[in-house]
Amino acid sequence: MEEQVVLISENDEVLGLMDKLQAHENGLLHRAFSVFLFNEKGEVLLQKRAAEKYHSPNQWTNAVCSHPRAGETYLEAAQRRLKEELGIEAMELSPKFHFIYKADVGGKLWEHELDHVFTGNYDGEFSLNAEEVSEIRYITMEALDQEMESNPEHFTEWFKIILGEYKDRL
C-alpha cells in the first residue's frame with residue numbers, strides 16, 4: 001500500500017488522507033516535518049536521496065524530511081524517520097518553527113506542505129537505509145551556502161526553501 005499523507009487546512013485542521021503520490025500530483029496541502037542535525041563542530045548533516053526515489057533522486061537535502069502518519073504527532077514522525085532512514089534511535093529534537101510552502105519538484109509533482117522544523121545534535125553512528133539514502137555528510141553552513149550557489153541543481157527544491165526559512169528565523 002502506498003504511504004498516505006494527512007491533508008489539512010492552512011490552520012492544520014485535518015481534512016482527510018490521500019496517497020502521497022496523488023497529493024504530490026495535485027499539489028494539495030499536507031503535513032510534513034524537516035529535521036536539521038548538527039555535530040559537535042556545528043556542521044549540518046546532509047543526506048543524498050537514493051537514486052530510486054520517485055522525485056528528487058540523487059539530490060542533497062537536510063537530515064530527514066517526511067510526513068506524519070494519521071494519528072502521529074510531528075515529533076513522533078520525525079523520530080520514526082530518523083530511525084528508518086539513518087538508523088538513529090530516539091533522540092532529543094527541539095521544535096523550532098513551522099510554515100507553509102509550495103515547491104515544484106519536477107515531473108509535474110508539487111510539495112505543498114505545512115512543515116514543522118526540528119533541530120538536534122548528533123555525533124553517533126549511522127545505519128543508512130539504502131532505499132532512502134545513498135550517502136550522508138556533514139558540512140559547514142558557509143560551505144553549504146557556496147555549494148548551493150554554484151550548484152543549486154544538486155539540492156532539493158524544498159531544502160532550498162527550508163534552509164532559507166531556517167536562516168531567517170534562527
Side-chain angles (χ1 to χ4, degrees), residues 20 24 27 29-68 73-107 109-170:
K20 181 171 67 171
H24 289 160
L29 182 62
H30 56 276
R31 287 181 173 168
F33 62 86
S34 297
V35 177
F36 285 84
L37 290 183
F38 297 90
N39 64 13
E40 64 186 13
K41 299 177 196 170
E43 298 167 321
V44 64
L45 181 75
L46 300 182
Q47 71 149 275
K48 190 172 191 181
R49 290 170 57 84
E52 297 77 26
K53 299 294 280 183
Y54 75 88
H55 74 77
S56 310
N58 296 312
Q59 289 185 314
W60 291 99
T61 197
N62 52 294
V64 173
C65 40
S66 191
H67 310 96
T73 69
Y74 288 96
L75 179 60
E76 289 167 345
Q79 290 175 330
R80 171 178 54 83
R81 290 306 286 175
L82 281 169
K83 182 172 169 65
E84 291 173 354
E85 292 186 26
L86 303 176
I88 299 173
E89 294 294 331
M91 62 174 292
E92 187 174 332
L93 294 174
S94 300
K96 294 300 180 184
F97 61 90
H98 61 274
F99 72 110
I100 293 175
Y101 75 93
K102 191 170 188 179
D104 181 347
V105 296
L109 299 174
W110 294 86
E111 287 286 10
H112 188 193
E113 300 180 332
L114 170 61
D115 190 33
H116 281 245
V117 178
F118 296 89
T119 62
N121 297 307
Y122 188 75
D123 286 288
E125 296 295 315
F126 296 94
S127 177
L128 303 183
N129 177 343
E131 293 178 9
E132 299 286 339
V133 182
S134 63
E135 60 184 288
I136 56 171
R137 64 184 165 127
Y138 281 104
I139 187 171
T140 66
M141 282 291 200
E142 295 77 21
L144 176 57
D145 288 341
Q146 291 170 359
E147 193 174 324
M148 284 182 109
E149 189 172 318
S150 33
N151 297 299
E153 71 280 4
H154 293 178
F155 299 89
T156 63
E157 290 303 314
W158 65 86
F159 180 50
K160 296 171 197 173
I161 295 167
I162 296 163
L163 184 61
E165 287 288 324
Y166 178 86
K167 289 178 183 177
D168 287 347
R169 294 171 186 251
L170 305 175

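Here the structure is a predicted model, which means the values were calculated and not measured.
Leu128 has its side chain within reach of Leu86: a pair of non-hydrogen atoms, C-beta onward, lies under 4.5 Å apart. Under the 4.5 Å side-chain criterion, counting only non-hydrogen atoms from C-beta, Trp60 is not in contact with Met148. Annotation: side chain of Ile88 is not in contact with side chain of Gln79 (no heavy-atom distance under 4.5 Å).
Taken from OG1 in Thr140 to CD in Glu147, the straight-line distance is 10.0 Å, to the nearest 0.5 Å. Note: Asn58 CG to Glu52 CD = 8.0 Å, rounded to the nearest 0.5 Å. Atom CG of residue Asp168 and atom CG of residue Leu163 lie 9.5 Å apart, to the nearest 0.5 angstrom. Between atom CG of residue Leu114 and atom OH of residue Tyr74 there is a gap of 4.0 Å, rounded to the nearest 0.5 Å. Separating the CG atom in Asp145 from the OG atom in Ser150 is a distance of 10.5 Å, to the nearest 0.5 Å. Here the NE2-OG1 distance, from His116 to Thr73, works out to 10.0 Å after rounding to the nearest 0.5 Å.
Residues that satisfy the side-chain contact (heavy atoms from CB on, under 4.5 Å) test with Lys83, not counting sequence neighbours, are Glu89. Residues satisfying the side-chain contact (heavy atoms from CB on, under 4.5 Å) test with Glu111, not counting sequence neighbours, are His24, His30, His55, His67, Tyr101, Val105, Glu113, Trp158.
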Donor-acceptor pairs under 3.5 angstrom involving side-chain atoms of residues 32-46: please list them, not counting sequence neighbours.
{"unit_1": "Ser34", "atom_1": "OG", "unit_2": "Asp115", "atom_2": "OD1", "d": "3.1"}
{"unit_1": "Ser34", "atom_1": "OG", "unit_2": "Asp115", "atom_2": "OD2", "d": "2.8"}
{"unit_1": "Asn39", "atom_1": "OD1", "unit_2": "Lys41", "atom_2": "N", "d": "3.0"}
{"unit_1": "Asn39", "atom_1": "OD1", "unit_2": "Gly42", "atom_2": "N", "d": "3.2"}
{"unit_1": "Asn39", "atom_1": "OD1", "unit_2": "Glu43", "atom_2": "N", "d": "2.9"}
{"unit_1": "Asn39", "atom_1": "ND2", "unit_2": "Glu43", "atom_2": "OE1", "d": "2.7"}

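Just one of Phe155, Phe159, Tyr166 meets the side chain to side chain contact (heavy atoms under 4.5 Å, CB included) condition when paired with Asn62; it is Phe159.
A salt bridge is absent between Lys53 and Glu85; no separation between the charged side-chain nitrogens and carboxylate oxygens falls under 4.0 Å.
Without hydrogens or angle criteria, Asp104 side chain to Gly106 main chain gives a donor-acceptor distance under 3.5 Å. Without hydrogens or angle criteria, Arg81 side chain to Val64 main chain gives no donor-acceptor distance under 3.5 Å. Of the possible donor and acceptor atoms, none in the side chain of Tyr54 sits under 3.5 Å from a partner among the backbone N and O of Pro57. Proximity of a side-chain donor or acceptor of Gln47 to a complementary backbone N or O of Ile136 within less than 3.5 Å is not detected. At distances below 3.5 Å, not a single donor-acceptor pair connects side-chain atoms of Lys96 with backbone N or O atoms of Leu170.
In terms of heavy atoms, Asn121 sits closest to Met91 at O-CE, 3.1 Å. Pro152 and Glu149 get closest at one heavy-atom pair: CD-O, 3.7 Å.
Ring planes of Tyr138 and Phe126: tilted class, angle from 30 to 60°.
For Glu131, the CD atom is loosely surrounded, since the number of other residues' heavy atoms within 6.0 Å does not exceed 12.
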